[in-house]
Protein chains: 2
Amino acid sequence: MTVSYNKVQPEELHKLGLKQTPARLGVLKILENQTSPLDALTIHSYLREKNLKTDPATVYRILDVFYQKGIVSRFELEEGKFRYELTAEDHHHIVCESCGKIEDVSDCEVDKVEKQIKMRKRFLVKRHSLQFYGVCASCQG
Amino acid sequence: MTVSYNKVQPEELHKLGLKQTPARLGVLKILENQTSPLDALTIHSYLREKNLKTDPATVYRILDVFYQKGIVSRFELEEGKFRYELTAEDHHHIVCESCGKIEDVSDCEVDKVEKQIKMRKRFLVKRHSLQFYGVCASCQG
DNA sequence: TTAGGTGCAAATGATTTGCAATAAT
DNA sequence: ATTATTGCAAATCATTTGCACCTAA
């Protein structure tokens with residue numbers, strides 16, 4: 001049930017053809033110390049707290065390139081913005097509509113997962129949102 | 001596998017305490033004739049095509065109240081905006097990353113659904129996104 | 001040195017809001 | 001007549017972009 005997040009070593013950046021900059025290392029460190037996904041502007045303000053003054057545009061660019069390289073995952077929680085987290089094993093999120101707390105679940109069958117959530121976490125599942133992304137028949141050429 | 005959408009009768013609006021206005025009826029009609037979910041601004045431009053000149057703000061307000069009343073469902077497809085459809089039986093969406101086509105699936109177990117999608121639709125599932133919304137233990141008081 | 005990164009300011013896109021005018025019941 | 005609804009303009013929020021400057025390798 002626990003999700004393990006990869007700690008991304010700074011050298012990883014070089015391996016991926018990315019320069020090691022203070023802003024990038026700062027973003028990684030913030031995401032490593034995080035248990036739930038953050039949006040770009042929150043990451044930006046955390047950077048400022050660490051006395052790393054960056055521009056929001058920079059944070060967006062960093063998150064973009066990290067997403068392209070697969071270092072971070074990105075998704076929406078019906079808030080009208082994206083959240084990011086270090087890429088981990090496949091898992092889902094349960095979001096409390098009351099307090100906003102976001103937790104991980106690492107199973108993959110909806111029914112079973114729902115039952116587990118109800119029994120183990122006493123989380124009341126009101127609904128779930130599921131989309132599949134891929135390539136349709138006519139686009140597979 | 002087919003999802004049935006409720007045709008919303010105009011009288012429904014009155015039952016829900018909503019006035020029957022041209023803009024609202026127009027939005028309903030557009031959504032009824034739709035097989036895949038639309039975003040607010042697309043709905044707005046469809047209204048103009050029907051010579052129903054409305055303001056985007058009005059469309060947003062209509063969709064909001066419809067959503068609150070449960071007439072429409074609302075979700076995100078990693079586009080940075082919301083899509084809306086008439087509320088139907090529980091189902092999921094498969095999105096082609098190549099052409100953007102959005103289709104419905106009305107099953108509910110991820111693995112089975114993935115297999116079905118692969119076999120019946122020749123849709124190549126690359127990933128899926130799944131979130132649960134509800135109330136966590138500490139908020140259930 | 002030099003290509004890749006960043007800051008800044010302006011632009012874009014989705015959505016929201018205040019308020020006065022208007023239309024549904 | 002009364003209240004909900006709409007239009008319009010301005011504001012907000014998330015995100016992107018152009019361009020000149022800077023810095024990691």
Side-chain angles (χ1 to χ4, degrees), chain A residues 9-30 37-48 50-69 71-85 100, chain B residues 9-30 37-48 50-69 71-85 100:
Chain A
Q9 302 303 333
E11 310 83 59
E12 276 298 313
L13 297 183
H14 286 158
K15 288 181 194 157
L16 294 166
L18 300 177
K19 286 181 180 171
Q20 222 175 92
T21 69
R24 283 177 179 168
L25 296 175
V27 170
L28 286 182
K29 181 150 286 183
I30 284 167
L38 302 177
D39 63 275
L41 295 178
T42 300
I43 293 171
H44 174 252
S45 71
Y46 283 6
L47 285 172
R48 311 207 97 213
K50 293 181 118 191
N51 290 322
L52 262 171
K53 8 181 187 356
T54 55
D55 193 78
T58 301
V59 176
Y60 280 108
R61 281 187 278 230
I62 289 173
L63 291 170
D64 259 14
V65 76
F66 282 4
Y67 177 60
Q68 302 308 329
K69 298 292 187 179
I71 299 175
V72 302
S73 300
R74 191 187 81 155
F75 50 89
E76 292 166 306
L77 296 178
E78 305 189 12
E79 304 165 303
K81 66 185 176 187
F82 286 96
R83 284 184 179 261
Y84 301 82
E85 65 186 10
Chain B
Q9 302 302 333
E11 310 85 58
E12 276 297 313
L13 297 183
H14 287 157
K15 288 181 195 160
L16 293 166
L18 301 176
K19 287 180 178 170
Q20 223 176 92
T21 68
R24 283 177 179 167
L25 296 175
V27 170
L28 286 182
K29 181 150 284 180
I30 285 167
L38 302 177
D39 63 276
L41 296 178
T42 300
I43 293 171
H44 174 253
S45 72
Y46 284 5
L47 284 171
R48 312 209 96 214
K50 293 181 120 193
N51 290 323
L52 261 171
K53 10 184 185 353
T54 56
D55 193 78
T58 301
V59 176
Y60 280 108
R61 281 187 279 231
I62 289 173
L63 291 171
D64 258 13
V65 78
F66 282 5
Y67 177 60
Q68 301 308 328
K69 299 291 187 182
I71 300 175
V72 303
S73 302
R74 192 188 79 156
F75 50 88
E76 293 167 303
L77 296 179
E78 305 190 11
E79 304 166 301
K81 67 185 177 188
F82 287 95
R83 284 184 178 262
Y84 302 81
E85 65 187 8

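Here is the naming used below: chain letters follow the sequence lines, and residue numbers restart at 1 for every chain. In this text, all values refer to a predicted model and were calculated from it rather than measured experimentally.
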Partners passing salt bridge (Lys or Arg N to Asp or Glu O under 4.0 Å) against A:R61 (at least two apart in sequence or in another chain): none
For DNA chain C, the residues among residues 39-47 of chain A that have a non-hydrogen atom under 4.0 Å from it: none
Contacts of type side-chain contact (heavy atoms from CB on, under 4.5 Å), residue A:D55, not counting sequence neighbours: A:A57, A:T58
side-chain contact (heavy atoms from CB on, under 4.5 Å) partners for A:T42, two or more places apart: A:L38, A:D39, A:Y46
Rounded (10°) bend between the five-pair end axes of the helix from C:dT1-D:dA25 to C:dA14-D:dT12: 20°
Separation of D:dG7 C1' from B:R48 CZ (nearest whole Å): 11 Å
Short side-chain N/O contact to D:dT15 OP1/OP2 from A:Y60, under 4.0 Å: yes
Distance test, side-chain N/O of B:T54 to OP1/OP2 of D:dG7, below 4.0 Å: no
Length of the line joining B:L52:CG and D:dG7:C1', which is rounded to integer Å: 14 Å
Range on DNA chain C touched by chain A, heavy atoms, distance below 4.0 Å: C:dA3 to C:dC8
Distance-only donor-acceptor test (3.5 Å): side chain B:K19, base D:dT3: yes
Interface with DNA chain D, restricted to residues 22-30 of chain B and to heavy atoms under 4.0 Å: B:A23, B:R24
With sequence neighbours excluded, residues passing salt bridge (Lys or Arg N to Asp or Glu O under 4.0 Å) with A:R83: A:E79
Sequence-distant partners of B:S73, side chain to side chain donor-acceptor pair (under 3.5 Å), two or more places apart: B:T87
Using atom types as modelled, flag every donor-acceptor pair under 3.5 Å from a side chain in residues 13-20 of chain B to any protein atom, sequence neighbours excluded.
unit_1: B:Q20; atom_1: NE2; unit_2: B:P10; atom_2: O; d: 3.4

